[in-house]
There are 2 protein chains.
Amino acid sequence: MADQLRRDYLSCYGAKHLSTPHLDSLAARGVRFCKAYVQGPVCGVSRMSYYTGRYMASHGSNWNFVPLPLHNPTLGDHLRALGLRVAVVGKTHVTADHKGLKRVGADMPSTAARLAAEGGFEAFERDDGIWPGLTVPSHNQYANYLRAQGFGGSNPWHDWANSAIDGGRVSRSGWSMRWAHLPAAIPAEHSETAYTTRRAMDFISECGELPWCLHLSYIKPHWPYVAPAPYHGLFGADDVSAPIRGTAEQSRAHPVINGFQSQPASRTFSDDAQRRHVVPAYMGLVKQIDDQLGTLFAFLEERSLWNNTMVVFCSDHGDYLGDHWLGEKELFHDTVAAVPFIIASPDAHVRRGAVESRLVEAIDLLPTFVESLGGEPATHQLEGRSLVPLLRQEPFAGPWREFAISEGDYSFRNSVREPLGRPIDGCGMFMVRSARFKYVHYEGLAPQLFDLQDDPLELDDLGTDSSRAHVRQEHATMLFDWMRGLRIHPTIRDRDAAAWTAKESRSGLFIGVW
Amino acid sequence: MADQLRRDYLSCYGAKHLSTPHLDSLAARGVRFCKAYVQGPVCGVSRMSYYTGRYMASHGSNWNFVPLPLHNPTLGDHLRALGLRVAVVGKTHVTADHKGLKRVGADMPSTAARLAAEGGFEAFERDDGIWPGLTVPSHNQYANYLRAQGFGGSNPWHDWANSAIDGGRVSRSGWSMRWAHLPAAIPAEHSETAYTTRRAMDFISECGELPWCLHLSYIKPHWPYVAPAPYHGLFGADDVSAPIRGTAEQSRAHPVINGFQSQPASRTFSDDAQRRHVVPAYMGLVKQIDDQLGTLFAFLEERSLWNNTMVVFCSDHGDYLGDHWLGEKELFHDTVAAVPFIIASPDAHVRRGAVESRLVEAIDLLPTFVESLGGEPATHQLEGRSLVPLLRQEPFAGPWREFAISEGDYSFRNSVREPLGRPIDGCGMFMVRSARFKYVHYEGLAPQLFDLQDDPLELDDLGTDSSRAHVRQEHATMLFDWMRGLRIHPTIRDRDAAAWTAKESRSGLFIGVW
């Protein structure tokens with residue numbers, strides 16, 4: 001997984017000025033999904049859906065840093081039950097529910113409690129980045145690594161890895177985008193992307209012949225937009241694609257869109273000069289990830305691991321980079337909610353180089369892993385569906401899904417919420433992406449509607465177009481149907497519900513018998 | 001709380017042949033609610049809502065014996081935080097999520113883990129009854145008590161307390177309703193109702209001056225319908241009210257209703273002779289509870305506890321007893337989903353003897369307790385609203401609720417589900433009770449609709465009446481609105497979401513600044 005990586009910045013997804021040959025080779029080995037949606041357009045929500053196989057409405061972590069409620073078994077729980085070692089190298093954005101763990105008497109030194117606190121991952125290398133105002137945790141291995149290389153100070157993550165060097169001497173914080181053209185203050189080999197790749201190989205080496213699942217989770221190309229040499233200079237202003245945006249998107253913006261358009265990142269990226277200054281750094285960071293994946297893929301090749309390893313590439317969401325007069329993320333345009341999604345499986349029957357256009361969701365990965373490993377996906381907990389039939393072009397039961405869902409909540413963004421006069425518990429957003437349309441419900445406000453057949457770039461919001469009232473109603477009905485189908489009861493298996501009557505009889509319970 | 005107690009079997013709620021003077025006196029001390037709905041028409045679902053202050057869709061325990069998912073703080077957690085000792089004497093129907101507790105590393109000998117396994121209650125006396133086929137747990141205090149009184153054997157709960165004595169010698173199992181006219185095999189003083197009352201007084205005595213909350217939870221008048229002498233003989237067939245039912249309810253029954261009408265309890269109670277044979281025992285059990293509450297109330301009086309104790313009386317759901325050609329529960333007629341609900345508070349400002357007709361829900365109790373104790377209800381977890389303004393006739397913010405919700409799931413009932421061809425995950429039922437109507441959504445099947453103004457007995461199902469399509473649509477919209485408003489994120493407080501922006505700035509996070 002890459003963080004905040006746009007789909008259209010990979011050449012296999014159509015990028016023009018940026019070549020990602022290693023990811024392209026992965027797509028050639030497997031299936032590339034061109035309508036894959038994350039279940040939330042912000043890191044935490046999206047990741048908790050990837051990690052639990054459940055929608056936000058079910059896992060309950062409705063924004064970044066919202067502790068993952070304890071009723072969610074995770075990818076780690078599902079795959080460890082099948083005999084795998086399950087670890088993370090990189091970012092997860094998991095916040096432990098320490099209050100909940102204390103409430104239920106979790107024994108924190110125990111392995112189980114520590115796993116629960118880490119979202120089910122063994123923290124082989126956990127690194128979510130360290131903001132300037134935070135204290136560096138003593139167990140942050142990357143910070144310790146940097147210090148050992150001579151990149152010291154109170155916060156080497158910020159002061160070196162995410163700062164730039166100006167004129168060979170002056171350090172510039174990556175938090176100011178004006179420095180995006182400068183090289184990082186550390187060489188590429190010590191950058192987070194390269195270090196993370198090496199740590200992934202360490203993990204794989206350590207596992208040897210034992211089965212494993214590794215969440216290799218690059219923190220880049222997420223901001224700070226600072227790339228090490230030579231990546232900082234590979235691309236220039238002329239390589240930057242034009243933003244996807246139209247004048248009507250500003251002049252008659254939906255109130256929530258308008259609120260986000262007023263945020264600093266949106267203002268910066270709506271300025272053409274600033275945008276063309278920053279995007280090349282983003283492109284460099286993407287290029288570096290592709291190069292590093294080349295190293296990793298060669299490592300897998302050397303060890304003959306392609307024969308027994310499923311490799312998935314995806315991101316947690318995109319980055320507006322000025323599209324729709326927006327920066328950052330949190331909303332539902334394809335720029336952000338539709339992600340790169342490539343699955344290369346060693347299975348002999350897999351379709352190689354295929355492009356799959358059915359609607360898939362990030363939560364489909366977990367049941368795909370379980371089925372690929374010969375397990376039976378826990379349907380009372382997992383809300384996605386296995387993609388194995390699509391990987392092999394095999395028949396599947398019933399129709400494929402008719403719509404994909406993504407959810408958000410802007411209650412944490414006072415600068416958006418307060419001008420709209422919305423209460424904290426009234427800032428829910430729901431995207432319904434059907435074969436042709438994208439509908440976004442905003443609690444207490446007008447919806448958005450895009451006709452992706454006539455308007456694939458999502459420039460013309462039909463959310464209040466009176467001629468499309470029936471389309472909006474159809475999509476509201478889909479949303480309602482979806483909500484009623486959520487798996488609210490993760491503690492009882494479907495088969496146990498079905499077996500209840502027999503169990504009741506065995507227990508000597510005969511109700512109402514004369 | 002009484003188990004399976006119908007509202008209309010209390011004289012303060014209009015019972016004609018049964019006088020419950022002690023409960024009537026409680027109503028005279030406080031407020032009697034005449035439109036109080038439980039959040040599920042079956043023990044487990046309803047109780048988990050009472051105990052968590054959350055709807056079934058949020059707490060996730062969708063039927064009896066479904067382990068309570070770990071993300072739910074309980075009444076015990078909320079009130080212990082305010083300094084109270086919180087215990088149960090009697091039944092809770094809580095099933096621990098042992099798998100979940102193990103997954104998160106709960107240290108089972110610890111107090112916190114044991115409380116979590118008990119739904120947050122200190123098990124001063126936990127007794128859910130012991131079916132004939134089950135082994136008696138060694139810690140079941142009532143079973144041990146019975147043995148000490150000479151009522152021994154492998155299962156004294158069944159063999160003595162819930163069996164009848166025929167002709168002074170032959171024991172008859174209470175599981176066969178044909179023996180309902182006989183007295184229990186033990187004297188009233190050793191019956192569960194009397195024992196439970198004494199244990200409640202033991203708890204209160206033990207607490208002394210320290211603040212407490214006791215869930216006194218009678219297992220009766222729930223079946224087995226066996227009352228001890230003299231209660232078995234206080235009422236006869238002539239005292240039994242006519243069932244509430246119409247011929248159309250059988251001839252054109254909704255498919256789910258029809259399925260439940262075919263269950264043994266429904267067939268038994270639809271037979272007038274059998275019904276008139278059994279209901280007197282139910283009435284005797286209710287009368288015994290009222291007498292025992294008389295003892296408890298005198299105890300409170302002696303110790304001057306009425307001055308500082310809030311007393312609430314309610315039940316987890318009713319009992320069809322033949323109404324609508326049904327036995328047992330699980331569906332949404334007022335017979336079952338509307339319960340007795342009386343709150344007597346020592347507060348000087350409380351309305352005494354008032355009858356409150358606003359729609360209230362069982363989940364309102366928990367925030368009522370918190371507010372009465374001077375705490376602030378955790379709005380990110382508690383989905384009900386405090387009744388304190390209704391108790392005191394004080395102003396409250398906004399309008400009162402426009403509808404009450406109750407939820408069910410018949411997936412566990414193979415004999416209902418299979419003939420309908422419904423999948424395990426497609427048996428959800430949702431009741432929306434508005435000021436005038438009751439609407440019931442059945443997944444994949446026609447809804448039900450009752451006009452409670454014109455048809456207060458719910459005999460005329462308008463679920464497919466073409467002239468009421470708009471009413472059904474309005475209620476489906478209420479249901480959709482309600483679902484989107486569920487508090488899905490119990491790990492983050494509203495105020496913390498609102499304070500995020502400031503926290504972000506303090507942490508040195510400035511996103512997208514040029």
Side-chain angles (χ1 to χ4, degrees), chain A residues 57 60-62 66-67 69-71 73 77 97 100-107 110 112-113 116 131-134 175-178 223 263-265 268 274 327-328 411-412 414-415 424-425 428 443 480 483-484 488-492 494 497-498 500-501 506-514, chain B residues 57 60-62 66-67 69-71 73 77 97 100-107 110 112-113 116 131-134 175-178 223 263-265 268 274 327-328 411-412 414-415 424-425 428 443 480 483-484 488-492 494 497-498 500-501 506-514:
Chain A
S61 182
N62 64 325
V66 174
L70 296 183
H71 64 312
D77 298 309
D97 179 13
L101 286 166
K102 187 175 173 199
R103 174 171 51 80
V104 305
D107 180 22
S110 73
W131 302 348
L134 301 179
W175 295 79
S176 287
M177 300 210 292
R178 67 178 68 236
W223 47 257
Q263 304 300 304
T268 300
Q274 293 180 359
E328 276 277 90
S411 59
F412 295 78
N414 286 0
S415 52
I424 286 283
D425 61 352
E443 215 49 42
F480 187 23
M483 293 199 101
R484 296 194 316 274
I488 62 165
H489 44 79
T491 61
I492 185 118
D494 294 348
W500 180 259
T501 306
R506 280 197 308 276
S507 302
L509 180 64
F510 298 100
I511 304 168
V513 175
W514 172 249
Chain B
S61 182
N62 64 324
V66 173
L70 296 182
H71 65 312
D77 298 308
D97 178 14
L101 287 166
K102 186 175 173 197
R103 173 171 52 78
V104 304
D107 180 21
S110 73
W131 302 347
L134 301 180
W175 296 80
S176 287
M177 300 211 291
R178 68 178 67 235
W223 46 258
Q263 304 300 304
T268 301
Q274 293 179 1
E328 277 276 270
S411 59
F412 295 78
N414 286 0
S415 52
I424 285 284
D425 60 351
E443 217 48 44
F480 187 23
M483 292 200 103
R484 296 195 318 275
I488 62 166
H489 44 81
T491 62
I492 185 117
D494 293 350
W500 180 257
T501 306
R506 281 197 308 276
S507 302
L509 182 64
F510 298 100
I511 302 167
V513 174
W514 171 248

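Chain letters run A, B, ... following the sequence lines, proteins first and then strands; every chain starts at 1. On a predicted model such as this, the values are computed, not experimentally measured, just so you know.
- Here the side chains of A:W223 and A:E328 are in contact, with some heavy-atom distance below 4.5 Å.
- Both the backbone and the side chain of A:D425 have a heavy atom closer than 4.5 Å to some heavy atom of chain B.
- Each of A:P490, A:A498, A:G428 has some count of heavy-atom pairs under 4.5 Å with chain B, and the biggest count is that of A:A498.
- The most heavy-atom pairs under 4.5 Å with chain B, out of A:A113, A:P69, A:P67, A:A57, come from A:P67.
- Between B:F412 and B:V66, the closest heavy-atom pair is CZ-CG2, 3.6 Å.
- Heavy atoms closer than 4.5 Å to chain A are found in the side chain of B:S110, but not in its backbone.
- Looking at B:N414, the atoms closer than 4.5 Å to chain A (heavy atoms on both sides) sit in the backbone and in the side chain alike.
- Looking at B:D494, the atoms closer than 4.5 Å to chain A (heavy atoms on both sides) sit in the backbone and in the side chain alike.
- With chain B as the partner, the residue from A:S411, A:S415, A:A265 showing the most heavy-atom pairs under 4.5 Å is A:A265.
- Interface remark: B:Q263 contributes no atoms to any contact with chain A (heavy atom separation under 4.5 Å).
- Using bins of under 30°, 30° to 60° and over 60° for the plane-to-plane angle, the ring pair B:W175/B:W131 lands in the perpendicular bin.
- Contact of B:I424 with chain A is made through the side chain alone, with heavy-atom distances under 4.5 Å.
- Contacts between B:A116 and chain A at a heavy-atom distance below 4.5 Å involve the side chain alone, from C-beta outward.
- Here the CG-CG distance, from A:L70 to B:L101, works out to 9.5 Å after rounding to the nearest 0.5 Å.
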Next on the checklist: Could you walk me through whether A:M483 and B:R484 satisfy the side-chain contact (heavy atoms from CB on, under 4.5 Å) test, starting with their C-alpha distance in whole Å, then the side-chain angles of each, then the deciding distance to 0.1 Å, before giving a yes or no?
Outcome noted: CA-CA 8 Å; A:M483 293 199 101; B:R484 296 195 318 275; 3.5 Å; yes
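- Chain B forms more heavy-atom pairs under 4.5 Å with one residue of A:A106, A:S61, A:G100 than with any other, namely A:A106.
- Each of A:R103, A:K102, A:H489 has some count of heavy-atom pairs under 4.5 Å with chain B, and the biggest count is that of A:R103.
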